[in-house]
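Note sheet for the following structure.
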Amino acid sequence: MRVALFLTCVNDTLYPDTGRAVVRLLNRLGVDVDFPLAQTCCGQAHYNTGYRHETEPLARHFAEVFGEYDAIVTPSGSCAAMVRELYPKLGERARAEGRGTELADVLAPVVPKTYELTEFLVDVLGVTDVGAVYPHKVTYHPTCHGLRSLGLGDRPSRLLEAVRGLELVELPGADECCGFGGTFAVKNAGVSAAMGADKMRNAESTGAEVLCAADNSCLMHLGGTMSRAGSLVRPVHIAEILASTEEEPAR
């Protein structure tokens, strides 16, 4: 199996350690991972802001860069959802505008083989115990794209429950949005901040040391909220927990 890591813009710019954690984790499970240097943005920010036609060149480039791989793995539910849910809609709209099926044909091959990390681990590799060690009390926030678009369900929690030393506690209001929502946080800053504060208080009520999620964009929003409030809860991406071992422990 030829597997490629799609790191995403946010991780590449702000959270490169998450990408390194994905590679360490998959290597430990016997998977060789390529990192195509030509990868760029998948177009999610453009599409969500209303620039649909400007998204198309980025989607085409994604298909060109990753098309030869058997699986494309990303530590981002939102970017995985962009490819799986919205790339087909780009093709459909192009057809509706009388531009034929060319765009749909270009994008179609990458759609079914793009996986969020926990999907790939559970559904493709068939593992829940990845040999991780993480002696901390953790609560898990299921981000909106993972919960609603990808339907990740209990895959992340099953993986966390198998981590040695980890105590997983349920997050009250887990299915509520954290308030990030990409440009929503900019256009509706007050509402976004209030939603983030609600999520922070729910995380603190669990007594957890760590708030875990599968999207660093949401963790960035929540991390800023918690930092300003002086919260003792730390945001940590699930990839870094699953990559943690006694020899190379995550914080």
Side-chain angles (χ1 to χ4, degrees), residues 8 10-11 15 18 44-45 47-48 73-86 89 114-123 128 134 136-163 166-229 231-242:
T8 80
V10 168
N11 290 320
Y15 301 101
T18 297
Q44 180 190 173
Y47 187 95
N48 290 345
V73 179
T74 180
S76 168
S78 63
C79 292
M82 175 66 192
V83 176
R84 294 246 297 277
E85 186 176 40
L86 298 180
K89 292 184 179 181
T114 298
Y115 299 92
E116 183 274 332
L117 174 64
T118 65
E119 283 184 306
F120 183 74
L121 294 171
V122 175
D123 297 350
T128 51
Y134 193 74
H136 300 284
K137 190 173 184 179
V138 176
T139 192
Y140 171 71
H141 166 55
T143 62
C144 292
H145 284 95
L147 181 68
R148 296 173 176 86
S149 297
L150 298 177
L152 295 182
D154 66 352
R155 293 173 181 84
S157 59
R158 288 163 61 194
L159 288 158
L160 291 170
E161 287 167 354
V163 175
L166 187 149
E167 180 186 353
L168 183 63
V169 291
E170 185 174 352
L171 177 67
D175 61 351
E176 296 173 8
C177 177
C178 72
F180 176 63
T183 55
F184 176 85
V186 177
K187 295 177 181 178
N188 302 277
V191 177
S192 172
M195 295 170 74
D198 286 345
K199 185 68 68 171
M200 176 193 69
R201 284 191 290 269
N202 286 344
E204 289 178 330
S205 75
T206 67
E209 305 164 64
V210 169
L211 175 63
C212 167
D215 262 293
N216 269 327
S217 53
C218 297
L219 288 174
M220 175 177 65
H221 173 65
L222 291 170
T225 301
M226 293 187 291
S227 175
R228 288 189 295 274
S231 176
L232 298 178
V233 182
R234 296 181 286 110
V236 181
H237 194 284
I238 192 171
E240 296 176 51
I241 293 176
L242 298 178

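One-based numbering along the sequence shown. Reckoned from all heavy atoms, side chains included, excluding hydrogens, waters and symmetry mates.
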Show, in sequence, the C-alpha distance, side-chain angles and deciding distance for Leu242 and Leu121, and conclude whether the side chain to side chain contact (heavy atoms under 4.5 Å, CB included) test is met. CA-CA 11 Å; Leu242 298 178; Leu121 294 171; 3.8 Å; yes
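- Shown here for Tyr47 and Met82, the closest heavy-atom pair between the two residues is CB-CE, 3.7 Å.
- Under the 4.5 Å side-chain criterion, counting only non-hydrogen atoms from C-beta, Thr118 is not in contact with Arg158.
- Remark: side-chain polar atoms of His237 are paired, donor with acceptor, to backbone N or O of Ala239 under 3.5 angstrom.
- For the atom pair CG (Leu211) and CD (Glu204), the distance works out to 10.0 Å, reported to the nearest 0.5 Å.
- Using a 4.5 Å cut-off on side-chain heavy atoms (C-beta onward), Val236 and His136 make no contact.
- Put simply, CG on Asn202 and SG on Cys178 are 12.0 Å apart, with the number rounded to the nearest 0.5 Å.
- You'll find the side chain of Asn216 stays beyond 4.5 Å of the side chain of Thr8, heavy atoms only.
- Interatomic distance, OH of Tyr134 versus SG of Cys212, reported as 8.0 Å (0.5 Å rounding).
- Here the side chain of Ser227 pairs no donor or acceptor atom with the backbone of Gly224 at under 3.5 angstrom.
- Side chains of Ser157 and Asp154: a donor-acceptor N/O pair is absent below 3.5 angstrom, by distance only.
- Rounding to the nearest 0.5 Å places CG of Leu159 at 8.0 Å from CG of Leu117.
- Looking at every heavy atom in both residues, Gly196 comes nearest to Leu222 through O-CD2, 3.8 Å.
- Of all heavy-atom pairs spanning Val233 and Ala208, the tightest one is CG2-O, 3.6 Å.
- At distances below 3.5 Å, at least one donor-acceptor pair connects side-chain atoms of Thr139 with backbone N or O atoms of Val169.
- Using a 4.5 Å heavy-atom threshold, the side chains of Asn48 and Leu86 count as touching.
- When all heavy atoms of Lys137 and Gly207 are compared, the closest pair comes out as CD-O, 3.4 Å.
- Using a distance-only test at 3.5 Å, with no hydrogens or angles considered, a donor-acceptor pair links the side chain of Thr225 to the main chain of His221.
- A distance of 11.5 Å separates CD of Glu176 from CG of Leu147, quoted to the nearest 0.5 Å.
- Between Thr206 and Pro172 there is a side-chain heavy-atom pair separated by less than 4.5 Å.
- Put simply, the side chain of Asp215 gets close to the backbone of Gly77: a donor and an acceptor are under 3.5 Å apart.
- Listed here is the closest heavy atom pair of Leu160 and Leu166: O-CD2, 3.6 Å.
- Side chains of Glu240 and Thr18: a donor-acceptor N/O pair is present below 3.5 angstrom, by distance only.
- Here Cys79 contributes atom SG and Glu116 contributes atom CD; the two are 11.0 Å apart, rounded to the nearest 0.5 Å.
- Using a 4.5 Å heavy-atom threshold, the side chains of Leu150 and Glu85 count as separate.
- Scanning all heavy atoms of the two residues, the minimum distance from Ala81 to His145 falls at CB-CD2, 3.8 Å.
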